[in-house]
Structure formats: C-alpha cells, structure tokens
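The next block holds one structure in the form of structure tokens; read it before the comments.
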Amino acid sequence: MVFLSVDPSLDEGPCNIDVLESSAISYSQFMHRYAYSGPVIIRGLTDNSEFRRWSSRNRLLKHFGDLRVRLSTANTFSYRKVDVPFREYVSELLRPQTPDALGSDTLYFFGDNNYTEWNSLFQLYRKPPYVLPNTSAALSFGIAGPGTGVPFHWHGPGYSEVVYGRKRWFLYPPDRQPDFHPNSTTLSWLMHTYPQLPEDQAPLECTIRPGEVLYFPDRWWHATLNLDTCVFISTFLG
C-alpha cells in the first residue's frame with residue numbers, strides 16, 4: 001500500500017523552470033548553466049525504483065513504525081520540535097492542511113532523521129550524481145499530507161525528489177526576498193498573496209513528480225506545497 005491521499009483542489013500551476021531529460025545535460029553543462037545561477041528540473045537522473053518500493057506505507061510502518069521521529073513546526077524559523085512514534089504520525093497527524101492553520105501549529109516530518117535508525121532505507125537511495133566542488137551530501141527524508149509544505153526560507157544548495165505524490169515549488173533568487181509572513185503556511189500564501197502578485201514579482205515555479213529532481217542553488221528563497229500525501233527526500237550540499 002502507498003500513500004494515496006490527494007486534494008483535487010490543489011493546482012499544479014504553471015512551470016517556468018527549465019525541465020530537462022538527463023540525457024540532454026552533462027555535468028559540465030549543469031555546472032556552467034545552473035550550479036550557481038538558477039534552478040533546474042532533471043528527469044531520469046537516477047533510478048530510485050528500489051528506494052520507492054521500500055518507501056511504501058506498509059513497508060515503512062513494518063520496519064520503522066515503532067521508531068520515534070522528530071517533527072518540526074512548518075513556519076519559517078521552525079522553533080518547536082515534537083518527538084512521536086512514526087506510527088502515530090502516520091495514523092493521526094498525516095492529514096490534509098487546513099487553509100487557516102498557522103505554521104506554528106502545523107507539525108511536519110522532514111529532516112532531523114536519525115541516520116543510524118533509518119540507515120537501511122537511506123542506503124537504498126541513489127543520490128543525484130552532479131555534486132558541487134568541495135561539498136558533501138546530506139540526506140533529509142520526509143512524509144507530509146496534502147496542502148502542507150514549508151514556507152519561504154533559504155539555505156545552501158541541494159536537490160529535492162518526490163518518491164510518491166507531487167510537490168509544487170516556488171523560488172526567488174537571493175536578491176529578491178518574497179513577500180510572506182513567517183508564520184503563514186505556503187497554502188495560505190498561495191491563496192492570499194500569490195494571486196495579488198504583479199507579474200514582475202511572480203516566482204519561478206514548477207511541480208515535480210516521481211522520477212524528477214529539482215536543483216536549487218545556494219541562498220535561493222524557496223517554499224514548497226505538497227499537492228498529495230508526499231514521500232520525499234532532499235540532498236543538501238554543504
């Protein structure tokens with residue numbers, strides 16, 4: 001069994017980010033055109049079908065259900081952390097986001113993974129091979145319901161891949177801080193701020209699906225919105 005919850009009211013939106021087949025871009029082209037300049041989505045860069053099989057709902061609950069996972073509030077500064085059994089998160093907290101919920105009241109499972117306890121799963125993941133010079137890769141795994149997401153923030157470069165579901169991305173370059181409230185969810189921003197944006201203040205955006213990875217450069221502002229119940233993993237380059 002997989003995570004199947006879908007919210008039909010959530011739109012994939014437009015896509016104004018380059019989307020390329022892996023066969024159409026070499027490592028040198030990636031470094032020249034995107035590594036330090038802007039986001040790109042690459043299809044078929046790695047084959048993570050085995051990781052996908054092991055990320056089904058039944059297998060995750062069987063092997064990791066009794067482990068405690070750390071949840072973060074889905075606001076820009078993620079102040080509050082809560083530890084719960086993974087099984088409890090899936091059965092009781094993994095649900096659609098309501099539009100009026102505050103980020104500080106929304107618990108989100110992403111990152112803060114115990115690498116020792118989750119190592120058998122992480123070993124199956126094939127990381128994107130295009131790594132920036134003088135960086136090392138760190139994995140961050142998560143599961144979240146429709147309408148959830150992380151509001152605008154920035155950090156170092158990395159990749160995002162969805163294993164199940166669809167994730168909509170919004171990005172701005174480092175010198176264009178978006179208009180957002182740090183305790184508003186991405187869903188609230190999409191409903192109230194996004195429709196009022198002038199054309200010259202619109203974000204770069206696209207929705208990624210399984211088999212695609214999105215690369216974002218260093219210090220780029222970004223926010224995410226899960227359109228379905230999503231299983232996802234990021235590779236941070238630090």
Side-chain angles (χ1 to χ4, degrees), residues 10-20 25 29-43 72-79 97 99 101-104 106 108 110-111 128 130-135 137-138 140 142 144 147-162 166-209 212-227 230 232 234-238:
L10 297 178
D11 187 3
E12 288 195 0
C15 182
N16 54 12
I17 296 174
D18 289 349
V19 181
L20 304 173
I25 181 169
Q29 290 171 324
F30 166 79
M31 291 299 300
H32 177 70
R33 294 168 56 185
Y34 300 106
Y36 305 104
S37 304
V40 63
I41 296 169
I42 307 176
R43 292 175 174 157
S72 301
T73 49
N75 52 340
T76 294
F77 302 110
S78 296
Y79 286 124
Q97 174 78 63
L102 295 175
S104 57
T106 304
Y108 195 74
F110 176 53
Y130 295 172
V131 179
L132 304 187
N134 303 312
T135 64
S140 190
T148 63
V150 178
F152 281 104
H153 63 290
W154 60 265
H155 46 66
Y159 292 91
S160 173
E161 180 171 357
V162 290
R166 298 166 300 157
K167 184 184 289 283
R168 188 171 172 181
W169 275 73
F170 308 91
L171 302 103
Y172 287 93
D175 60 350
R176 292 182 57 201
Q177 180 171 339
D179 179 17
F180 73 100
H181 188 284
N183 200 30
S184 291
T185 63
T186 303
L187 182 59
S188 176
W189 177 86
L190 179 66
M191 295 179 64
H192 301 296
T193 303
Y194 177 88
Q196 311 301 322
L197 292 174
E199 185 176 347
D200 63 353
Q201 294 181 27
L204 290 175
E205 61 176 295
C206 201
T207 294
I208 59 172
R209 294 169 171 266
E212 301 174 334
V213 294
L214 181 145
Y215 169 78
F216 52 89
D218 188 27
R219 296 177 181 267
W220 272 62
W221 291 95
H222 56 278
T224 61
L225 180 69
N226 298 302
L227 304 185
C230 281
F232 50 95
S234 291
T235 305
F236 296 118
L237 303 176

With rounding to the nearest 0.5 Å, note down the distance linking [atom1] in [X] to [atom2] in [Y].
X: Asn183; Y: Leu102; atom1: CG; atom2: CG; result: 5.0 Å
X: Trp220; Y: Ser37; atom1: CH2; atom2: OG; result: 8.5 Å
X: Ile41; Y: Ile17; atom1: CD1; atom2: CD1; result: 5.0 Å

[X] side-chain N/O to [Y] backbone N/O, donor-acceptor pair under 3.5 Å:
X: Thr207; Y: Glu12; answer: yes
X: Ser234; Y: Ser160; answer: no
X: Asn16; Y: Pro203; answer: yes

Sequence-distant partners of [X], side chain to side chain donor-acceptor pair (under 3.5 Å), two or more places apart:
X: Thr106; answer: Gln97
X: Thr148; answer: Asn226
X: Arg219; answer: none
X: Gln177; answer: none

Just to verify, what does [X] make a ring pair (Phe, Tyr, Trp, His ring centres under 6.0 Å) with, not counting sequence neighbours?
X: Trp189; value: Phe152, Phe170, Tyr194
X: His153; value: His155, His222
X: Tyr215; value: Phe30, Tyr159

> For Arg43, what residues pass the salt bridge (charged side-chain N to carboxylate O under 4.0 Å, His left out) criterion, not counting sequence neighbours?
Replying inline: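 Result, salt bridge (charged side-chain N to carboxylate O under 4.0 Å, His left out) vs Arg43: Glu21, Glu212.
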Is there a side-chain contact between [X] and [Y], using heavy atoms and a 4.5 Å cut-off?
X: Trp154; Y: Pro174; result: no
X: Tyr34; Y: Ile25; result: yes
X: Leu10; Y: Leu187; result: yes

With sequence neighbours excluded, what pairs up with [X] under the side chain to side chain contact (heavy atoms under 4.5 Å, CB included) test?
X: Ala202; answer: none
X: Met31; answer: Tyr27, Ala35, Tyr36, Leu132, Pro133
X: Pro198; answer: Asp200, Gln201

Nearest non-hydrogen partners of [X] and [Y], listed with the distance:
X: Gly147; Y: Leu225; answer: O-CD1, 3.4 Å
X: Arg209; Y: Val162; answer: C-CG2, 3.2 Å
X: Pro195; Y: Leu190; answer: CD-O, 3.2 Å
X: Thr185; Y: Ala101; answer: CG2-O, 3.4 Å
X: Ser140; Y: Gly111; answer: OG-CA, 2.9 Å

>> Determine whether Thr193 and Phe180 satisfy the following criterion, side-chain contact (heavy atoms from CB on, under 4.5 Å), listing intermediate values before the conclusion.
In response: CA-CA 8 Å; Thr193 303; Phe180 73 100; over 6 Å; no
>> Let's go through Phe110 and Ser72 carefully: what are the C-alpha distance in whole Å and the side-chain angles of both, what is the deciding distance for side-chain contact (heavy atoms from CB on, under 4.5 Å) to 0.1 Å, and is it a yes or a no?
In response: CA-CA 7 Å; Phe110 176 53; Ser72 301; over 6 Å; no
>> Filter on salt bridge (charged side-chain N to carboxylate O under 4.0 Å, His left out), then keep only pairs touching residues 168-188, sequence neighbours left out; what's left?
In response: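 Those involving residues 168-188 are Arg168-Glu205.
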